[in-house]
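Working notes, beginning with the structure itself.
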Amino acid sequence: ALAALLAAMAEATADTVSSELGQVLGGQPRLITSLRRVPPGTDGGISVIGTLLGCLSASIVVLVGAAALALSPTAALIALAAGIAGLFIDSYLGAVPERAGWLNNDAVNALSTLAAALLAATAIRLTNP
């Protein structure tokens, strides 16, 4: 449960950092589904700098959380991988159902955070049968 919690926190942080700093620091965003260029702020748009900063921020959250919660290195790596996967799930959900008007940003954020937690919980169960 702690790895799932940490994965959710890592995803939420990564999403915020990648969105905000990716727009501020520039780089040409591309739509995650087609890699075509899109204006900054486009739902589903990702940039190299935003993605790297999102992954770095997820790493910091996991390092601090794993130390505070005394998680094993395996659980920490699972939380990090799930958090980063959630970041890409968020972008995909933004590019497809949000752009189509089927979901709003709050739903995209909730689903991608939930996905990160579920991925971590599943991976933990598979590594500790």
Side-chain angles (χ1 to χ4, degrees):
L2 292 176
L5 170 76
L6 196 51
M9 295 300 294
E11 188 284 326
T13 302
D15 176 42
T16 301
V17 168
S18 65
S19 296
E20 302 304 325
L21 292 182
Q23 288 182 51
V24 169
L25 297 177
Q28 181 61 54
R30 295 181 178 272
L31 198 61
I32 193 169
T33 53
S34 66
L35 298 181
R36 71 177 171 85
R37 292 178 181 205
V38 292
T42 300
D43 296 327
I46 61 172
S47 67
V48 172
I49 190 70
T51 301
L52 290 175
L53 290 172
C55 292
L56 177 63
S57 68
S59 300
I60 292 168
V61 168
V62 169
L63 282 172
V64 171
L69 299 170
L71 291 183
S72 71
T74 300
L77 284 174
I78 287 171
L80 177 60
I84 291 172
L87 174 64
F88 287 99
I89 291 168
D90 183 278
S91 295
Y92 179 80
L93 291 174
V96 179
E98 186 176 4
R99 285 176 61 98
W102 301 333
L103 296 175
N104 64 22
N105 188 58
D106 292 336
V108 167
N109 289 339
L111 289 171
S112 59
T113 303
L114 177 62
L118 290 174
L119 285 170
T122 301
I124 289 292
R125 287 198 108 171
L126 292 174
T127 59
N128 299 316

Please report, to 0.1 Å, the donor-acceptor pairs under 3.5 Å made by any side chain of residues 81-93, with sequence neighbours excluded.
from, atom 1, to, atom 2, distance (Å)
Asp90, OD2, Ser112, OG, 3.0
Ser91, OG, Leu87, O, 3.4

Subject >> Expected output: side-chain Thr127 to main-chain Ile124 donor-acceptor under 3.5 Å >> reply: yes
Original post:
Hey, any chance Val24 and Ile46 share a hydrophobic cluster, counting ILVMFWY side chains that come within less than 4.5 Å of each other, even indirectly?
Top reply: no
Original post:
Which residues satisfy the side chain to side chain contact (heavy atoms under 4.5 Å, CB included) test with Leu114, sequence neighbours excluded?
Top reply: Leu118
Original post:
Of the non-hydrogen atoms in Gly50 and Ser18, which two are nearest, and what is the gap between them?
Top reply: O-CB, 3.0 Å
**OP:** Calculate, to the nearest 0.5 Å, the distance between atoms OG and CG belonging to Ser19 and Asp43 respectively.
**Re:** 9.5 Å
Original post:
What distance separates Ile60 CD1 from Thr13 OG1, expressed to the nearest 0.5 Å?
Top reply: 9.5 Å
**OP:** Locate the shortest heavy-atom distance separating Ala75 from Ala3; write the atom from each residue and the value.
**Re:** O-CB, 4.0 Å
**OP:** To the nearest 0.5 angstrom, please state how far the CG atom of Asp106 sits from the CG atom of Leu111.
**Re:** 11.0 Å
Distance-only donor-acceptor hits, side chain of residues 61-68, under 3.5 Å, sequence neighbours excluded:
none

Which atom pairs, donor and acceptor, lie under 3.5 Å between side-chain atoms of residues 28-39 and protein residues at least two apart or in another chain?
from, atom 1, to, atom 2, distance (Å)
Gln28, NE2, Val38, O, 3.0
Arg30, NH1, Leu35, O, 2.9
Ser34, OG, Arg36, N, 3.3

Subject >> CG-CG distance between Asp15 and Asn105, expressed to the nearest 0.5 angstrom >> reply: 7.5 Å
**OP:** Check whether any side-chain heavy atom of Pro97 sits under 4.5 Å from a side-chain heavy atom of Val108, and report yes or no.
**Re:** no
**OP:** Can you sort out the partners of Ala107 under side chain to side chain contact (heavy atoms under 4.5 Å, CB included), two or more places apart, ordered by chain and number?
**Re:** Leu103, Asn104
Subject >> Listed partners of Thr113 passing side-chain hydrogen bond (donor to acceptor under 3.5 Å, both in side chains), at least two apart >> reply: Glu11
Original post:
Considering all heavy atoms of both residues, which atom of Ala14 and which atom of Ser57 are nearest to each other, and what is their separation?
Top reply: CA-OG, 3.4 Å
Original post:
Where do Ala10 and Ala58 come nearest, in terms of heavy atoms and distance?
Top reply: O-CB, 3.8 Å
**OP:** Find the distance between CG (Leu52) and CG (Leu21) and round it off to the nearest 0.5 Å.
**Re:** 12.0 Å
Original post:
Which heavy atom of Ala4 sits nearest a heavy atom of Ala120, and at what distance?
Top reply: CA-CB, 3.8 Å
Subject >> Leu77 with Leu6, same ILVMFWY side-chain cluster at under 4.5 Å >> reply: no
